[in-house]
Amino acid sequence: MPAYHSSLNEYPDSRQVGNMAILPIKTKIRGPAQVGDPQEGDIVDETLDLFRANSLFRNFEIKGPADRLLIVLILFVSDCLAKIGSARTVPTKIEASKTLNTLSVDSFPIPGDANFALNAHYAAPASRADAEFLRTYLTQVRQELSARLVECLYADGTGKPSKWWMAFQKRRFMNRSLGS
């Protein structure tokens, strides 16, 4: 059974930096991403929808530039769940939100950096300006993803993260980690 791919691979007029798609997202967080249509799904919604199914796969055939972005975001969700799961006490929704927001804005490698985990599958940005644009775009998307992830984790109102999400904290998509 093949892994689930991004439906945004054929998104019209999407910019690419290196070979990663720069897609619009629904967000109020400041950054370089175009604001997407609130009625349609975006890459963040798709990441949250496909995370649990795709995290069971060790192999993933990249079919387009949106798949490359999806891979990075799925690996970031894995790191987020690991961060919440490694806390000494079960974090409240506010504590988890603060922890994940800090994780999302921390320094992280991008394609082309020596310590980026998937350099074999990604092209480096063509210029320093493109690299900086990609870093700020990924920071904005990571912030939005962490905010929506917290909403998913604490949706039941018990004040504890969902066991159906936390069960995936030790799963590694493609046996990789971003190392953040």
Side-chain angles (χ1 to χ4, degrees), residues 1-11 14 20-29 31 33-58 60-87 90-106 108 117-118 137-178 180:
M1 185 169 127
Y4 298 97
H5 296 275
S6 176
S7 63
L8 301 170
N9 276 324
E10 302 302 321
Y11 190 82
S14 72
M20 189 183 304
I22 304 299
L23 299 168
I25 57 172
K26 301 178 293 191
T27 184
K28 292 190 180 354
I29 297 170
Q34 295 177 357
V35 177
D37 183 4
Q39 305 305 323
E40 295 181 18
D42 62 359
I43 191 69
V44 176
D45 292 333
E46 197 168 66
T47 300
L48 292 173
D49 290 343
L50 299 178
F51 168 74
R52 292 184 284 182
N54 275 351
S55 65
L56 301 174
F57 291 99
R58 291 177 184 235
F60 188 84
E61 179 186 357
I62 298 172
K63 293 191 175 184
D67 277 347
R68 286 185 176 84
L69 181 58
L70 181 68
I71 289 169
V72 169
L73 296 179
I74 286 175
L75 292 174
F76 177 67
V77 171
S78 293
D79 290 348
C80 289
L81 293 178
K83 185 80 166 180
I84 289 174
S86 68
V90 177
T92 63
K93 184 176 180 178
I94 294 170
E95 291 168 345
S97 181
K98 287 179 183 177
T99 301
L100 295 187
N101 193 41
T102 302
L103 179 64
S104 63
V105 297
D106 278 349
F108 58 93
L118 300 165
Y137 173 77
L138 287 176
T139 301
Q140 181 184 10
V141 173
R142 286 165 55 122
Q143 285 178 300
E144 182 64 28
L145 180 58
S146 65
R148 291 193 209 172
L149 178 62
V150 168
E151 293 302 318
C152 290
L153 286 173
Y154 292 89
D156 60 2
T158 62
K160 294 180 181 176
S162 167
K163 67 180 180 180
W164 304 113
W165 276 90
M166 295 308 292
F168 289 87
Q169 71 183 341
K170 292 189 176 146
R171 287 298 256 171
R172 290 288 171 224
F173 176 56
M174 298 171 45
N175 285 337
R176 299 291 176 103
S177 173
L178 291 177
S180 42

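Model, not experiment: these values are computed from the prediction.
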- Query: Would Leu75 and Leu118 count as a side chain to side chain contact (heavy atoms under 4.5 Å, CB included) if you check the C-alpha gap in whole Å, the side-chain angles of each, and the deciding distance to 0.1 Å?
  - Reply: CA-CA 11 Å; Leu75 292 174; Leu118 300 165; 3.6 Å; yes
- Between Val141 and Thr27, is a side chain to side chain contact (heavy atoms under 4.5 Å, CB included) present by the stated rule, with each step listed? CA-CA 9 Å; Val141 173; Thr27 184; over 6 Å; no
- Message: Using side chain to side chain contact (heavy atoms under 4.5 Å, CB included), reason through Thr139 and Gln143 one step at a time and then give a plain yes or no.
- Response: CA-CA 6 Å; Thr139 301; Gln143 285 178 300; 4.2 Å; yes
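If you take CG on Asn54 and CD1 on Ile71, they are separated by 9.0 Å, rounding to the nearest 0.5 Å. Note that the CD atom of Glu144 and the CG atom of Leu73 stand 11.5 Å from one another [nearest 0.5 Å]. To the nearest 0.5 Å, atoms SG (Cys152) and CZ (Arg52) are separated by 8.0 Å. The CG atom of Leu70 sits 5.0 Å away from the OG1 atom of Thr47 when rounded to the nearest 0.5 Å. If you take OH on Tyr11 and CD1 on Ile22, they are separated by 12.5 Å, rounding to the nearest 0.5 Å. The CH2 atom of Trp165 sits 7.0 Å away from the CG atom of Leu81 when rounded to the nearest 0.5 Å.
Counting non-hydrogen atoms of other residues, nucleotides and ligands closer than 6.0 Å to CD of Gln34 gives a total of 12 or fewer. By the 6.0 Å contact criterion, NZ on Lys93 is enclosed, its count of non-hydrogen atoms from other residues, nucleotides or ligands being greater than 12. The neighbour count for Ile94 CD1, taken as heavy atoms of other residues, nucleotides or ligands under 6.0 Å away, does not exceed 12.
The only member of Ser97, Pro161, Ser162 that meets side chain to side chain contact (heavy atoms under 4.5 Å, CB included) when paired with Tyr154 is Pro161.
Taking every heavy atom of both residues into account, Leu153 and Ile84 meet most closely at CD1-CD1, 3.5 Å. Nearest heavy-atom pair, Gly85 versus Gln169, reported as atom, atom and distance to 0.1 Å: CA-OE1, 2.9 Å. Here the closest non-hydrogen pair linking His5 and Phe60 is ND1-CZ, 3.5 Å. Residues Ala66 and Ser6 come closest through the heavy atom pair CB-OG, 3.5 Å. A pairwise comparison of heavy atoms in Glu40 and Lys26 identifies O-NZ, 3.2 Å as the closest pair. Contact detail for Val35 and Pro24: the closest heavy-atom pair is C-CB, 4.3 Å.
Ionic pairing of Asp42 and Arg148 is present here: one or more N-O contacts between side-chain nitrogen and carboxylate oxygen are shorter than 4.0 angstrom.
Residues Leu103 and Phe76 meet the side-chain proximity criterion, which asks for heavy atoms closer than 4.5 Å. Considering only heavy atoms from C-beta on, Ile25 stays 4.5 Å or farther from Leu145 through its side chain.
Remark: the backbone N or O of Ser7 is paired with a side-chain donor or acceptor of Glu46 at under 3.5 angstrom. Between the Tyr137 side chain and the Leu23 main chain, a donor and an acceptor come within less than 3.5 Å of each other. Although no hydrogens or angles enter the test, the distance criterion places a donor-acceptor pair under 3.5 Å between the side chain of Arg142 and the main chain of Ser104. The backbone N or O of Ala33 lies less than 3.5 Å from a partner atom in the side chain of Gln140, making a donor-acceptor pair.
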